[in-house]
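Have a look at the structure below, then the notes.
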Amino acid sequence: MNRFWTLMSGLHQLAGPVTMLLYPLYASVVAIESSSKQDDQQWLSYWILYSFLTLMEMLLAPLLEWVPIWYDVKLIAVAWLVLPQFRGAAFIYDKFVREKVIKRYYPGIGGGSGGEFKLSSPNGKMKNKLVDLMTSKKSS
């Protein structure tokens with residue numbers, strides 16, 4: 001029975017890196033090579049969310065040390081983000097990041113006239129100087 005628990009402990013420790021890094025790395029390479037935009041969105045969204053989760057985990061490490069099941073909760077959450085049956089990363093990006101941040105603070109992204117990429121704040125005062133510089137040189 002002792003060997004069984006040793007095996008289970010080893011599998012549990014291996015599940016995190018496989019779920020959080022190895023499979024997403026493989027799927028990201030496959031997505032780059034495919035012509036579909038849908039899988040690109042899923043994996044770019046995943047890496048954004050995983051980076052944010054890792055950053056929050058680093059900042060909140062002293063508090064998370066007191067939560068004994070944190071690693072299991074994180075593993076389940078990341079599995080939901082990763083598994084193609086759920087497409088959790090794309091769902092979170094569409095429902096929260098795009099709706100609450102991009103459309104509010106950067107309305108020119110993705111739907112601008114002439115395909116220009118301009119960033120603007122809610123009051124319209126902030127502009128992307130690099131884009132303005134590049135577009136002025138094209139017209140010269």
Side-chain angles (χ1 to χ4, degrees):
M1 192 66 166
N2 194 17
R3 289 183 183 168
F4 174 75
W5 289 116
T6 303
L7 175 66
M8 292 306 290
S9 175
L11 289 176
H12 185 261
Q13 289 177 344
L14 188 61
V18 169
T19 304
M20 294 180 213
L21 295 171
L22 289 179
Y23 177 71
L25 284 170
Y26 167 77
S28 297
V29 170
V30 171
I32 289 171
E33 296 301 322
S34 75
S35 60
S36 172
K37 184 181 177 196
Q38 190 176 18
D39 57 358
D40 294 348
Q41 180 187 11
Q42 162 67 18
W43 294 110
L44 284 171
S45 300
Y46 170 77
W47 290 112
I48 291 168
L49 294 170
Y50 182 74
S51 299
F52 180 74
L53 178 64
T54 303
L55 178 64
M56 289 297 107
E57 189 176 28
M58 287 176 11
L59 293 173
L60 300 173
L63 296 174
L64 294 175
E65 289 175 359
W66 291 93
V67 181
I69 61 168
W70 167 246
Y71 184 76
D72 298 323
V73 170
K74 178 182 173 184
L75 186 59
I76 291 168
V78 170
W80 180 75
L81 292 174
V82 166
L83 290 174
Q85 295 89 341
F86 302 115
R87 293 185 37 82
F91 174 80
I92 295 290
Y93 185 81
D94 284 339
K95 297 297 179 193
F96 297 102
V97 177
R98 180 176 287 146
E99 292 295 324
K100 306 290 186 217
V101 177
I102 302 298
K103 286 186 177 179
R104 182 174 179 186
Y105 295 107
Y106 306 106
I109 293 177
S113 60
E116 292 183 26
F117 181 84
K118 291 194 176 191
L119 300 177
S120 62
S121 63
N123 59 10
K125 292 182 180 178
M126 186 176 83
K127 289 186 179 179
N128 188 332
K129 299 295 183 185
L130 180 61
V131 172
D132 290 342
L133 179 66
M134 290 171 58
T135 54
S136 67
K137 285 189 176 186
K138 282 184 181 178
S139 61
S140 300

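Note that this is a predicted model, so its numbers are computed, not measured.
Linking ILVMFWY side-chain heavy atoms closer than 4.5 Å, directly or via other members, places V67 and L59 in two distinct hydrophobic clusters. A continuous path of ILVMFWY side-chain contacts below 4.5 Å connects F86 to M20, so both sit in one hydrophobic cluster. Hydrophobic clustering, with ILVMFWY side chains joined whenever heavy atoms are under 4.5 angstrom apart, groups L21 together with W43. Cluster membership for L83 and F91, using ILVMFWY side-chain heavy atoms within less than 4.5 angstrom, is shared. By the rule that hydrophobic residues join a cluster once side-chain heavy atoms approach within less than 4.5 Å of another member, M56 and V78 end up as members of separate clusters.
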For V82 and Y50, run side chain to side chain contact (heavy atoms under 4.5 Å, CB included): C-alpha distance rounded to whole Å, both residues' side-chain angles, the deciding distance at 0.1 Å, then the answer. CA-CA 10 Å; V82 166; Y50 182 74; over 6 Å; no
Stepwise side chain to side chain contact (heavy atoms under 4.5 Å, CB included) check, V97 with I48: CA-CA 10 Å; V97 177; I48 291 168; 5.8 Å; no
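P84 approaches R87 most closely through the heavy-atom pair O-CG, 3.4 Å. Residues E99 and D94 share a closest heavy-atom pair of CG-O, 3.2 Å. Closest of all the heavy-atom pairs between L81 and I92 is CD2-CG1, 4.2 Å. Residues K95 and K100 come closest through the heavy atom pair O-CG, 4.4 Å. Nearest heavy-atom pair across A89 and Q42 is CB-O, 3.6 Å.
Y46 places no side-chain N or O within donor-acceptor distance of the main-chain N or O of G88, the cut-off being under 3.5 Å.
Within a 6.0 Å sphere centred on CZ of F52, other residues, nucleotides and ligands contribute 12 heavy atoms or fewer. Heavy-atom contacts from other residues, nucleotides or ligands closer than 6.0 Å to CD1 of I69 number 12 or fewer.
In the hydrophobic clustering, where aliphatic and aromatic side chains (Ile, Leu, Val, Met, Phe, Trp, Tyr) are joined below 4.5 Å either directly or transitively, L14 groups with V18, L22.
The side-chain heavy atoms of L25 and W47, taken from C-beta on, include a pair separated by under 4.5 Å. By the 4.5 Å heavy-atom criterion applied to side chains, L63 and W70 are not counted as neighbours. Here the side chains of R98 and Y106 are not in contact, with every heavy-atom distance at 4.5 Å or above.
With values rounded to the nearest 0.5 angstrom, S28 atom OG is found 6.5 Å from I32 atom CD1. If you take CG on L49 and OG1 on T54, they are separated by 10.5 Å, rounding to the nearest 0.5 Å.
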